[in-house]
Amino acid sequence: MANTPQARKRIRRNERRAEINGNRLSRIRTFVKKVEAALEGGDKTAAAEALKAAQPELARGVARGVLHKNTVARKMSRLSKRVAAL
């Protein structure tokens, strides 16, 4: 168990940050799922709009340290490729 005041504070802080980061990750996944749903439906305009909305969310995830830069680059590349193929 944490013995120092600083260690106790870190535990409290880590719990709060974990909740916030989990919410951010969930929000990002929702945006990506909207793109994938539009792709499954075969609607190119809806997929392009969903991708346009998902792009800043993914970038924000990188900026906040929730996702790795290369992970987001890979996801964006694959989604863009699928939208363009419609």
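Residue numbers start at 1 and run along the sequence shown.
Put simply, CG on Asn70 and NZ on Lys75 are 12.5 Å apart, with the number rounded to the nearest 0.5 Å. One distance of note links CD1 of Ile11 with CD of Gln6; it measures 10.5 Å at 0.5 Å rounding. In this structure, Leu67 CG and Arg74 CZ are separated by 10.0 Å, a value rounded to the nearest 0.5 Å. In this structure, NZ in Lys34 is found 9.5 Å from CD in Glu57, a value given to the nearest 0.5 Å. To the nearest 0.5 Å, atom CD1 of residue Ile20 and atom CD of residue Glu15 are 12.0 Å apart.
Contact between Ala47 and Val35 at its shortest, heavy atoms only, is O-CG1, 4.3 Å. Contact detail for Lys44 and Ala84: the closest heavy-atom pair is NZ-O, 3.5 Å. The shortest non-hydrogen separation linking Leu79 to Val32 is CD1-CG1, 4.2 Å.
Using a 4.0 Å cut-off between charged side-chain N and carboxylate O, Glu19 and Arg24 make no salt bridge.
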Test side-chain contact (heavy atoms from CB on, under 4.5 Å) on Met76 and Leu58; report intermediate values, then the result. CA-CA 8 Å; Met76 278 306 304; Leu58 287 161; 3.3 Å; yes
With salt bridge (Lys or Arg N to Asp or Glu O under 4.0 Å) as the criterion, how do Lys33 and Glu36 come out once you've worked through the C-alpha distance, each side chain's angles and the decisive distance to 0.1 Å? CA-CA 5 Å; Lys33 283 178 188 174; Glu36 290 172 345; over 6 Å; no
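Applying the salt bridge (Lys or Arg N to Asp or Glu O under 4.0 Å) test to Arg10 and every residue at least two apart in sequence or in another chain returns nothing.
The backbone N or O of Ser26 lies less than 3.5 Å from a partner atom in the side chain of Thr30, making a donor-acceptor pair.
Residue Arg13 places its CZ atom among more than 12 non-hydrogen atoms of other residues, nucleotides or ligands, all under 6.0 Å distant.
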